[in-house]
Amino acid sequence: MRVVVIGAGLGGLCLAQGLKKAGVDVRVHERDSGVEARFQGYRIGLGGLGWESMKACLPERLHPLLDATSGELSGPGRLLDPRLNQVGLDDDEPLARSMEANLVDRHVLRHLLLTDLDTTFGSRLTGYTEGGSTVRAAFADGTEVDCDVLVGADGIGSAVRRQLIGPAVRESTGVRGVIGRTPLEDRFAALVPGRGTVVTDGDRQLFLGKMPFRRPPREAAAELAPDVRLPDVRSYLRWVMMLPPSADTWDLPADWHPLLHDLVGSADPDNTAMGTLEYVAPADPWPTGRVTLLGDAVHPMLPAGGMGGNCALIDARRLCETLLGDGDLAAYEQEMLAATRPLVLSSKAMLDRFRALSVER
Ligand SMILES: Cc1cc2nc3c(=O)[nH]c(=O)nc-3n(C[C@H](O)[C@H](O)[C@H](O)COP(=O)(O)OP(=O)(O)OC[C@H]3O[C@@H](n4cnc5c(N)ncnc54)[C@H](O)[C@@H]3O)c2cc1C
C-alpha cells in the first residue's frame, strides 16, 4: 500500500510516522519550501488522547526527546487587572487541563516529527484524480504521484478538502488577535506562576503562558538522538492579545502596568503576528472513496478551545489504525466527524466567553 499525505503539519507527520513504523510506503508533500520557511513560533498544549496518540505513532526511540523538549503545565490560572492586581483565580477546567498537560513548541515538534520521513518540501498539491484502484495527486511544479490512499492533512485552506467536499467557508468572528513571544526573563515568568494568566480591562485581553523547555531542544537532541537536529530555541513567554474593535495597533493603553509594556515591547518581531479569528462550521459527511481528510483540513477550530492540535493527532492515530487494519475509511470518517463536531462548536462558545472577560475598574 502506498499512502500520500498532503501537508507536513502535526497531523500529517504523526500519521506518516505511524504508517512508517508499520513498514507502509508513505510520502509526505509539503508546500513550504523548507521546515524553516514560515512562522510557526507558538507553543501549544497537548495532552490526554492527543499526546498518547502522538506517542503511539512515534518510534519509541524518540519518546525521551519528546519528553525532554516539552514543558509542564501546572497550578491554577490567574485573572489580573491592567495594574496587575489579582481579581480572580481559575482552576475549574479539568478537560482543558488534561488536554494541555504537555506544552510543546510547534516548530520544535515539527522538526522532531519530520525525523526519518520521506518528505518533499516545495511541493504544493493542486488537485487529484481518482480512478479505479488508485489516486493521482498533481502538484504545482507539474509532477504527479500515484497512490492507493491520498490524505489531506493540509490545514485550514486545504486543497484536498476543496476538491473533495468544497472549500471551508470562513466566517469572521470580528475578533482580531496578536500572537507574540518574549524571552522568558524572571520578571516576566513571575507574572505566570500557574498554567496561565489573563490580564484584562474589559476591552482588551492579554493571555500569558510560558513555554518552559525541560531542556534546551538542540542540547537535548545532541544527547538523546544525535541524528535529530532541533532548532536552538530558549524558553519563552507566549502571549496572545485580543484587541478591541476600535484598536488599529497592538500598543497597550498608557495606564497598563510598565512591566506589561516591557513584555509586549520585548517580543521577538519574527515570531509576532496579527490576524482575525475565523470560524468554520463542522463539515457534513461525504461519500467515501480513496481520498480522506484529517485535522484542520476538515475541522478547524478556534484557538480558544485549545484542542485543534490534539484532534489532528487523534485523527492521525485513528486513520493509521484503520489503514493498518480493515481499511474501512467510512468508519474512520464517521467516527472522526462525530468526535470533533461538538469541539468545533464549543471552541466558538469559548471565544465568546473569553471576549466577555471583564473586571470592575
Ligand atoms: C495561536 C494558536 C494556538 C493554538 N493552540 C493550541 C493548543 O494549545 N492545543 C491544541 O491542541 N491546538 C492548538 N492550536 C491548533 C493547532 O495548532 C492546529 O489545530 C494544528 O496545527 C492542526 O494540525 P494539522 O496537521 O491539521 O494542520 P497544520 O499544522 O496547519 O498543517 C497543515 C500543513 O499543510 C501544508 N499545506 C497546506 N496546503 C498545502 C498544499 N496544497 N500542498 C501541500 N501542503 C500544503 C501547510 O503548509 C502546513 O504545513 C492552536 C492554533 C493557533 C493558531
Side-chain angles (χ1 to χ4, degrees), residues 4-16 27-35 37-51 53-54 73 96-97 99-107 109-110 113-114 119-128 137-141 145 150-163 168 177-181 195-196 207 209 211 238-242 271-278 280 293-316 319 336 340 343-344 347:
V4 165
V5 178
I6 307 301
L10 303 187
L13 294 175
C14 181
L15 170 66
R27 296 162 190 212
V28 181
H29 290 260
E30 166 59 48
R31 71 173 170 192
D32 288 348
S33 57
V35 64
R38 192 164 50 90
F39 166 78
Q40 301 265 336
Y42 54 88
R43 66 147 216 198
I44 63 175
L46 298 173
L49 200 50
W51 186 254
S53 299
M54 181 165 60
L73 187 72
R97 264 210 319 278
M99 291 310 279
E100 295 178 351
N102 303 283
L103 300 173
V104 293
D105 175 81
R106 217 164 162 272
H107 190 50
L109 180 60
R110 199 171 182 231
L113 288 171
L114 279 163
T119 307
T120 310
F121 281 93
S123 185
R124 181 171 66 83
L125 179 107
T126 50
Y128 62 83
F139 298 90
D141 60 5
V145 176
L150 179 73
V151 180
D154 46 348
I156 186 162
S158 172
V160 181
R161 173 192 176 129
R162 202 179 311 130
Q163 186 170 341
V178 185
I179 181 159
R181 77 188 213 188
R195 64 189 167 84
F207 296 82
M211 177 60 240
R238 185 276 294 135
W239 51 266
V240 175
M241 195 190 305
M242 285 198 202
N271 279 294
T272 303
M274 178 149 101
T276 300
L277 297 182
E278 293 174 321
V280 176
L293 298 168
L294 65 73
D296 278 12
V298 57
H299 48 64
M301 295 173 198
L302 286 163
M307 290 291 299
N310 278 299
C311 289
L313 297 169
I314 295 168
D315 293 351
L319 180 54
M336 176 265 292
T340 52
L343 299 171
V344 173
S347 73

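Numbering starts at 1 and runs along the sequence shown. Just follow the structure's listing: the first ligand is 1, and inside any ligand the first atom is 1. Keep in mind that this is a model prediction, so the values were computed, not measured.
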>> Which of the numbered atoms in ligand 1 are under 4.0 angstrom from any heavy atom belonging to G155?
In response: 27 (O), 30 (O), 32 (C)
> In ligand 1, which numbered atoms sit nearer than 4.0 Å to a non-hydrogen atom of A312?
Replying inline: 23 (O), 26 (O)
> Should L10 and I44 be marked as a side chain to side chain contact (heavy atoms under 4.5 Å, CB included) after you check the CA-CA gap, both sets of side-chain angles, and the distance that decides it?
Replying inline: CA-CA 11 Å; L10 303 187; I44 63 175; 3.4 Å; yes
> Between C14, G11, G45, which one has a non-hydrogen atom sitting closest to atom 8 (O) of ligand 1?
Replying inline: G45
> Sub-3.5 Å donor-acceptor pair from the side chain of R110 to the main-chain atoms of A8, do we have one?
Replying inline: yes
>> Any nitrogen or oxygen of R106, side chain or backbone, less than 3.5 Å from one on ligand 1?
In response: yes
>> I'd like to know if the side chain of R162 and the backbone of G127 have a donor-acceptor N/O pair within less than 3.5 Å.
In response: no
>> Under the criterion side chain to side chain contact (heavy atoms under 4.5 Å, CB included), I'd like the reasoning laid out for V178 against W239: C-alpha separation, chi angles, the key distance, then a yes or no.
In response: CA-CA 8 Å; V178 185; W239 51 266; 3.8 Å; yes
>> Under 4.0 Å, heavy-atom basis, I'd like to know which part of N310 is in contact with ligand 1: side chain, backbone, both or neither.
In response: both
>> Side chain or backbone, does R43 bring an N or O within less than 3.5 Å of an N or O on ligand 1?
In response: no
>> If we set the cut-off at 4.0 Å for heavy atoms, which region of S123 has an atom near ligand 1: side chain, backbone, both, or neither?
In response: backbone
> Can you name the residues that form a side-chain contact (heavy atoms from CB on, under 4.5 Å) with A297, not counting sequence neighbours?
Replying inline: D154, S158, L293
> Is the backbone N or O of V298 less than 3.5 Å from a side-chain atom of R161, with the two atoms forming a donor-acceptor pair by type?
Replying inline: yes
> Would you say the side-chain atoms of E30 pair up with the backbone N or O of T119, donor to acceptor, closer than 3.5 Å?
Replying inline: no
> Quick check: does L46 get an N/O under 3.5 Å from an N/O on ligand 1?
Replying inline: no
>> Run the side chain to side chain contact (heavy atoms under 4.5 Å, CB included) test on R181 and D105 for me, step by step, so that the C-alpha distance in whole Å, both residues' side-chain angles and the decisive distance to 0.1 Å come before the verdict.
In response: CA-CA 11 Å; R181 77 188 213 188; D105 175 81; 3.3 Å; yes
>> Quick check on contacts: which atoms of ligand 1 are under 4.0 angstrom from a heavy atom of I179?
In response: 1 (C)
>> S347: which residues meet the side-chain contact (heavy atoms from CB on, under 4.5 Å) condition with it, sequence neighbours left out?
In response: M301, L302
> Can you check whether G309 has an N/O within less than 3.5 Å of an N/O in ligand 1?
Replying inline: yes
> Rounded to the nearest 0.5 Å, how far apart are CG of L319 and SG of C14?
Replying inline: 10.5 Å
> With a cut-off of 4.0 Å, which atoms of ligand 1 are near a heavy atom of H29?
Replying inline: 43 (C), 44 (N)
> Does ligand 1 have a heavy atom under 4.0 Å from the side chain of I44, from its backbone, from both, or from neither?
Replying inline: both
> Are R110 and ligand 1 in contact, using a heavy-atom cut-off of under 4.0 Å?
Replying inline: yes
> Do ligand 1 and L294 have nitrogen or oxygen atoms that lie under 3.5 Å from each other?
Replying inline: no
> ligand 1 and G295, any nitrogen or oxygen pair closer than 3.5 angstrom?
Replying inline: no
>> Which residue is it: H29, R124, R31? I am looking for the one with a side-chain contact (heavy atoms from CB on, under 4.5 Å) to I6.
In response: H29
>> Taking 4.0 Å as the limit for heavy-atom contacts, which would you say applies to S158 with ligand 1: side chain only, backbone only, both, or neither?
In response: neither
>> I'd like to check which ligand 1 atoms, numbered from 1 as shown, lie under 4.0 Å from a non-hydrogen atom of Y42.
In response: 2 (C), 3 (C), 4 (C), 17 (O), 50 (C), 51 (C), 52 (C), 53 (C)
